[in-house]
Amino acid sequence: MSLENELASYDSQREKILGRLYAVEGQIDKIRLYMKNIHALKHFSFGTWSSRQHVIIKVSAQGKNGFAECVMSVNQPEASLEPWSKLLEGLPGLEAGKALKEVRNCQGLWPEQLVEMTEMALIDLCGKLTGRSANSLLGLTEKQPVCGVHVILSDDLDEVEESASWARNQGKSRFIKVKLFGRTGLDCEIIRTVRRICPQEETFLIGDVNCGYRMEGDKTSLEQIADDMKNLREAGLSACEDPAFLSREEWVALQSQVRPLELIPDYPMRPSRCSIKEICRGMGEIYNIHPDSAGSIVDAVVLARRIKDLGAGLMIGDDSLVGPSATIWQQLAWGLGARWVEATEKRKESDFFYRCVKSLATDSSKNPIDIKLKDGFGIDLDEEKLAGEADLMIELIPAER
């Protein structure tokens, strides 16, 4: 089948999903945005996050509520909800399905994470209005057990050791991801530190370099990057996400040179509606759909089919989510047959969210994650507690017409 015919097939799948969702009735009577500052140091090859500004959205219609979350910004604790509330102010008063269509019409105009978050909340709401699970509305029928990934974000070897030990003791070491920094000596020490506690037969170890071995504009040769990847593999790494800034052809060439190390494209996968036309076979053994950068879970579902058609594995990444969107992506990972899901509620960061939870469809304290589908994405929160935990809150109601 030609690429043109393949893309037409994916377009047909997308339209079938959207047809179900656009038909859902139920007039939106209220939208609330809550912002919560998460103060937690996270070190990356490109810099350090000292805080993240998480937004939780609630969309209400006919006594039902749809929830979702995204990271609005990092290192901006004084950020305002006003700009996003202005963008969303036209949605109250619309039917749920029509609101979803309006949001999708703003792809490429609004921030990707705002479109994605609002779409997720509306799909959660559509499921609750129709008495169907969101996975069912999205056409997802797989129920493959999926494990959460324990993530270690530190260049301090003592912290790495403590975190790896905690994961193993808690039964969360089947998949571990470490942040790497584009410095071979340090990165190998991080890998070896984990491997002293979590041997290869027990743990699939993923490294995420955020393109640290060649940033955009750098001149490092592909041969040097391949040598670096082989060193990481010898130290005990199983897979490497975004080792360097690479062209599509370089991805294919690098993967062919570094097997059995499995490469994981991430940056080339953003947003989903665009990457489906750009990715090709052989760029990696596993492809990452990245929350807050996918731009749409409908498009992510279609992209996942494309990945499988390319003969590759799928993983669901993360954007340091702590609340409603973590459970959403866990359910999507389950329904898409992903090898693992990184989006899980965070150790030491999710206490505020759990204080607000009445019930969820998932329990990520276990591996594999315990999932029992409910209407929508099954998110039920105590809004009085959520309002008390939030740093900011804005409510939108229908404008007089």
Side-chain angles (χ1 to χ4, degrees), residues 40-45 144-210 212-213 228-243 258-264 266 284-288 313-318 320-322 326 329-330 333-334 338-350 362-370:
L41 284 175
K42 291 183 180 286
H43 300 294
F44 305 92
S45 60
Q144 178 175 307
V146 63
C147 288
V149 178
H150 177 67
V151 180
I152 302 174
L153 299 171
S154 180
D155 56 359
D156 182 313
L157 298 181
D158 290 336
E159 290 182 6
V160 172
E161 181 176 12
E162 184 277 333
S163 191
S165 297
W166 179 89
R168 193 174 191 214
N169 291 336
Q170 295 296 316
K172 288 178 167 283
S173 60
R174 177 66 189 89
F175 295 94
I176 290 180
K177 176 176 174 178
V178 290
K179 279 295 177 183
L180 302 179
F181 299 89
R183 304 196 300 275
T184 309
L186 171 62
D187 291 348
C188 286
E189 283 303 308
I190 291 171
I191 294 164
R192 293 188 189 105
T193 299
V194 175
R195 282 298 184 212
R196 283 197 291 272
I197 298 160
C198 303
Q200 291 190 355
E201 60 270 20
E202 293 182 10
T203 301
F204 189 90
L205 182 58
I206 308 128
D208 185 359
V209 198
N210 296 111
Y213 282 94
D228 291 329
M229 294 300 101
K230 292 171 185 175
N231 287 331
L232 300 185
R233 173 64 188 177
E234 289 175 5
L237 196 66
S238 306
C240 189
E241 182 179 340
D242 282 342
V258 301
R259 288 188 178 93
L261 183 71
E262 299 184 60
L263 297 185
I264 306 174
D266 174 6
E285 300 294 340
I286 309 160
Y287 291 67
N288 181 13
L314 166 69
M315 65 162 281
I316 299 298
D318 191 20
S320 298
L321 298 168
V322 298
W329 282 103
Q330 290 160 31
W334 191 55
R339 286 181 60 177
W340 65 78
V341 56
E342 187 182 333
T344 60
E345 297 81 2
K346 303 296 178 290
R347 181 189 181 202
K348 300 180 181 179
E349 295 181 22
S350 294
T362 60
D363 181 357
S364 66
S365 69
K366 304 174 182 179
N367 256 342
I369 296 170
D370 186 38

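All residue numbers refer to positions in the sequence shown, counting from 1.
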| query | Are more than 12 heavy atoms from other residues, nucleotides or ligands located less than 6.0 Å from atom NZ of Lys366? | reply | no
Would you call [X] and [Y] a side-chain contact if the rule is heavy atoms closer than 4.5 Å?
X	Y	value
Arg196	Glu161	no
Ile286	Trp340	yes
Pro243	Asp228	no
Ile316	Val146	no
Ser238	Gln200	no
Val151	Asp318	no
Gln170	His150	no
Ile190	Leu157	yes

For the student: nearest non-hydrogen atoms of [X] and [Y], plus distance:
X	Y	result
Glu342	Lys346	O-NZ, 4.4 Å
Ala343	Trp329	CB-CB, 3.9 Å
Ile176	Cys198	CD1-SG, 3.8 Å

Roughly how far, to the nearest 0.5 Å, is [atom2] of [Y] from [atom1] of [X]?
X	Y	atom1	atom2	answer
Asp242	Asp266	CG	CG	4.5 Å
Ile206	Ile191	CD1	CD1	12.0 Å
Lys177	Leu205	NZ	CG	11.5 Å
Leu314	Tyr287	CG	OH	11.5 Å
Leu180	Glu189	CG	CD	12.5 Å

| said: side chain to side chain contact (heavy atoms under 4.5 Å, CB included) for Thr184 and Tyr213? Distances and angles first, verdict last. | reply: CA-CA 9 Å; Thr184 309; Tyr213 282 94; 3.5 Å; yes
| field | side chain to side chain contact (heavy atoms under 4.5 Å, CB included) between Val209 and Cys240, intermediate numbers included | value | CA-CA 7 Å; Val209 198; Cys240 189; 3.5 Å; yes
| said: Working note: Cys188 + Leu232, criterion side chain to side chain contact (heavy atoms under 4.5 Å, CB included); need CA distance, chi angles, decisive distance, verdict. | reply: CA-CA 6 Å; Cys188 286; Leu232 300 185; 3.8 Å; yes
| query | Among Arg168, Arg195, Arg174, Lys172, which residue meets the salt bridge (Lys or Arg N to Asp or Glu O under 4.0 Å) test with Glu202? | reply | Arg168
| query | Can a salt bridge be assigned to the pair Glu285 and Arg339 using a cut-off of 4.0 Å between side-chain N and carboxylate O? | reply | no
| message | Please tell me whether Glu159 and Ser154 have a donor and an acceptor in their side chains that are separated by less than 3.5 angstrom. | response | yes
| Between Thr344 and Val149, does a side chain to side chain contact (heavy atoms under 4.5 Å, CB included) hold up when you go through it step by step? | CA-CA 8 Å; Thr344 60; Val149 178; over 6 Å; no
